[in-house]
Protein chains: 2
Amino acid sequence: MARESGETLATVNRAVTMLEMLGTSGPLNLSQIADRMEIGKATASRMLQTLVARDWVVRSADRTYRLGPGVLGLAMWKAPQQHLIGDLRPILDALHDTTGETIHLTRLDGRYVVYVEQIVSQLPVRSAAVIGARSPAHCVSPGLAQLSHLPAEQLAWFLSTPLKRYTPASTTNPEELRRKLETVRERGYAVNLGGYRPDVGGVGAAVVDHNSQLVAGISVCAPVYRLATMDLDSLGVLVSDAASEASRLLDKAASPHG
Amino acid sequence: MARESGETLATVNRAVTMLEMLGTSGPLNLSQIADRMEIGKATASRMLQTLVARDWVVRSADRTYRLGPGVLGLAMWKAPQQHLIGDLRPILDALHDTTGETIHLTRLDGRYVVYVEQIVSQLPVRSAAVIGARSPAHCVSPGLAQLSHLPAEQLAWFLSTPLKRYTPASTTNPEELRRKLETVRERGYAVNLGGYRPDVGGVGAAVVDHNSQLVAGISVCAPVYRLATMDLDSLGVLVSDAASEASRLLDKAASPHG
DNA sequence: GAAAATGTTCCGTAAATCGGAAAAAGTAGT
DNA sequence: ACTACTTTTTCCGATTTACGGAACATTTTC
């Protein structure tokens, strides 16, 4: 074989081909896989054993193979999240440039928001989260923004279980929270002033897809003392516009596949 | 290295490790990846190039790598496909029992149909496809049935590029094909007699969802000599009814999730 | 139970892959 | 624009790995 630059790894290519085949055509048995890939059964057997050992492929009792939780976990959770971050990064950057504050991208997870991505303020006093960390959705601006887009049944469930108090500014009355969320929904953004950490606040808005399904939250997060000096309406419009822009961007990214 | 049975392929293991790492900790640059995996940078570079070439990894302008649409695609294929086959299997079975011929479930993919599922005839002479294989949409009955449900712009695109001839029975004139598709649309089923393989034909109909969006094609496929002995109108109605039943079933299956 | 089909292990050997070093490309600071 | 530094890519000798045919083992079918 000629040694050319840019050649790709044959074994890796074979593994990718096998996984893609199982994805489009699985379940398949060993002979079918070997035939379609035009490789020896011994070769196919070894590769399948390797992928089975890693839970990337599962073998059933009927001796057929299909994709396993290892790769499906990547495909269904990890890859979409990375795409979300990658696609939305320019919008987060722009919002950070405009405000100079810490920007968060979050997703709603049960009763919490999870911090998926952040751009940290360079100001001397700033607020920052840990990626992967969680905050109670009803106490922070990105949570409120996302809750305001929940389908009614899901919101009813959320409001039916006790709302914990973290600070004097936490909202713990379900009816009060419901009214608050209606305001957030109409206005397009949510404000939190010390609802979870007494000295931390933010302004957040929800990113929804073309079916109005909730995708994520974008928020500007800052020390309360600095938020108090800002025109919160203007900031809210800024964040809400960023979220709308994100929604459009996600639509554009999705539609070529239609 | 000792040659032991049950050893797994080192290169495949490295690729799996890399992809999992990108999923968990991505985006990462080449040096980070090489350090964490304790492999040479040259090795990491080659593997990343391979995965980038297959769209399983994408490289950003900032020289970081993250999971790509290829991995994402595994989930997209897997989820809708599994659902589709499972739900429609009883309808395919019934059609096979009634006709005794080979039944195909296909999806339109660009200018081709892809064979997603099949039930093979037990008659001594039969037609069969390979799951995952493709046939040109304009030359086979499930393709014609699905093309007849394409939105106008997509059909215009399809007709604007040359229609390849595979046999004397292939339709290669765009206006002729357009008229044919109008007939198919009105009638509810398509007939192919040797348009792709000279001795193979079929009768197909399209499965559409509640928004009249194209989902799949169902077809009865048989040797031409046997099709010639059948009442093609009756068969067409049978297939068209099966496709309608499939559409109803998919609606029912879809609405609890709404 | 026998035959056929399918899958696994063994082993010689060709092919593939490795990593260090050199070359190329990219970034940051002045 | 230039320079220094960092990161990535390419080259190539050498080693390792992975290949497939054949033998063997297991499972399925009649």
Side-chain angles (χ1 to χ4, degrees), chain A residues 1-19 21-22 25-54 56-68 89 93 97 122, chain B residues 1-19 21-22 25-54 56-68 119-120 122 124 128 130-132:
Chain A
M1 174 169 145
R3 303 180 67 106
E4 295 181 39
S5 66
E7 280 300 313
T8 54
L9 302 181
T11 303
V12 173
N13 266 310
R14 270 194 290 274
V16 168
T17 299
M18 183 180 277
L19 289 163
M21 181 185 299
L22 287 175
S25 314
L28 295 168
N29 68 19
L30 177 97
S31 301
Q32 290 170 321
I33 294 166
D35 287 346
R36 293 181 188 198
M37 290 180 69
E38 298 184 331
I39 58 176
K41 284 187 195 145
T43 301
S45 182
R46 278 191 298 267
M47 191 166 277
L48 284 165
Q49 282 175 24
T50 303
L51 293 169
V52 166
R54 298 296 294 261
W56 276 44
V57 167
V58 177
R59 181 179 146 141
S60 306
D62 65 354
R63 302 199 291 179
T64 58
Y65 295 89
R66 57 192 163 88
L67 294 182
R89 187 73 198 219
D93 284 338
D97 292 344
Q122 297 306 309
Chain B
M1 173 167 145
R3 303 180 64 108
E4 294 182 36
S5 67
E7 281 300 314
T8 54
L9 303 181
T11 302
V12 174
N13 266 310
R14 271 194 289 274
V16 167
T17 299
M18 183 180 277
L19 288 162
M21 182 186 298
L22 285 176
S25 313
L28 295 168
N29 69 19
L30 177 97
S31 300
Q32 290 169 321
I33 293 166
D35 287 346
R36 291 180 188 200
M37 291 179 68
E38 298 182 334
I39 58 175
K41 284 182 193 153
T43 300
S45 182
R46 278 192 297 269
M47 189 166 278
L48 284 164
Q49 281 176 24
T50 302
L51 294 169
V52 167
R54 297 297 293 261
W56 276 45
V57 168
V58 291
R59 180 178 147 141
S60 305
D62 64 355
R63 301 199 293 181
T64 58
Y65 295 89
R66 57 192 165 97
L67 296 178
I119 305 172
V120 181
Q122 298 307 309
V130 178
I131 299 301

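Numbers restart at 1 for each chain; the letters A, B, ... are given by sequence-line order, proteins then strands.
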Student: For B:R63, give me all partners under side chain to side chain contact (heavy atoms under 4.5 Å, CB included), at least two apart in sequence or on another chain.
Tutor: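 Per chain and number, B:R63 pairs via side chain to side chain contact (heavy atoms under 4.5 Å, CB included) with B:R59.
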
Student: May I have the distance from B:R46 (atom CZ) to D:dT10 (atom C1'), rounded to whole angstrom?
Tutor: 9 Å

Student: Quick one: A:L9 CG to C:dA15 C1', roughly how many Å, whole number?
Tutor: 13 Å

Student: What is the distance from CZ of A:R36 to C1' of C:dT6, rounded to the nearest Å?
Tutor: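 Whole-Å distance recorded here is 16 Å.
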
Student: List in chain and number order the residues that pass salt bridge (charged side-chain N to carboxylate O under 4.0 Å, His left out) with A:R54, two or more places apart in sequence or in another chain; answer none if no residue qualifies.
Tutor: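 Only B:E20 meet the salt bridge (charged side-chain N to carboxylate O under 4.0 Å, His left out) criterion with A:R54.
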
Student: Go nucleotide by nucleotide along DNA chain D from the 5' end; which of A:G40 and A:D62 gets its closest nucleotide reached first?
Tutor: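 Looking at the nearest nucleotide for each, A:G40 comes out on the 5' side.
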
Student: Please report, rounded to the nearest Å, how far the C1' atom of C:dT27 is from the CG atom of B:L30.
Tutor: 16 Å

Student: How bent is the helix from C:dG1-D:dC30 to C:dT30-D:dA1, measuring the angle between the end axes built from five pairs each, rounded to 10°?
Tutor: 70°

Student: Sequence neighbours left out, what passes side chain to side chain contact (heavy atoms under 4.5 Å, CB included) with B:R14? Give chain and number order.
Tutor: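 Result, side chain to side chain contact (heavy atoms under 4.5 Å, CB included) vs B:R14: B:A10, B:T11, B:M37, B:I39, B:M47.
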
Student: Which nucleotide wins on minimum distance to the side chain of B:A10, given the candidates D:dA18, C:dT8, C:dG19?
Tutor: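 Of D:dA18, C:dT8, C:dG19, D:dA18 is nearest to the side chain of B:A10.
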
Student: Report the distance from atom CE of B:M47 to atom C1' of C:dG19, rounded to the nearest whole Å.
Tutor: 14 Å

Student: Quick one: list whatever passes side chain to side chain contact (heavy atoms under 4.5 Å, CB included) with A:R89, sequence neighbours left out.
Tutor: A:D93, A:E117, A:I119

Student: Could you tell me whether the phosphate oxygens of D:dT17, OP1 or OP2, come under 4.0 Å of any side-chain nitrogen or oxygen in A:T11?
Tutor: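 Negative; the distance criterion is not met.
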
Student: Sequence neighbours left out, what passes side chain to side chain contact (heavy atoms under 4.5 Å, CB included) with A:T64? Give chain and number order.
Tutor: A:P27, A:N29, A:S60, A:D62

Student: Determine the minimum heavy-atom distance between A:M18 and A:I33, stating which atoms define it.
Tutor: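 Looking at all heavy atoms of both residues, the shortest contact is CE-CG2, 3.8 Å.
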
Student: Where do B:L67 and B:V58 come nearest, in terms of heavy atoms and distance?
Tutor: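 Reported closest heavy-atom pair: O-CG2, 3.9 Å.
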
Student: State whether A:S31 places a side-chain N or O below 4.0 Å from either non-bridging phosphate oxygen (OP1 or OP2) of C:dA5.
Tutor: no

Student: Calculate the interatomic distance between A:L48 atom CG and C:dG7 atom P; express it in whole Å.
Tutor: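 Taking atom P of C:dG7 as the reference, CG of A:L48 is at 9 Å.
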
Student: Figure out the CZ/C1' separation between B:R63 and D:dT7, and round it to whole Å.
Tutor: 5 Å

Student: Taking only N and O in the side chain of B:R14, is any of them less than 4.0 Å away from OP1 or OP2 of C:dT17?
Tutor: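 Negative; the distance criterion is not met.
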
Student: Which whole-number value in Å describes the distance from B:Q49 CD to C:dT17 P?
Tutor: 13 Å

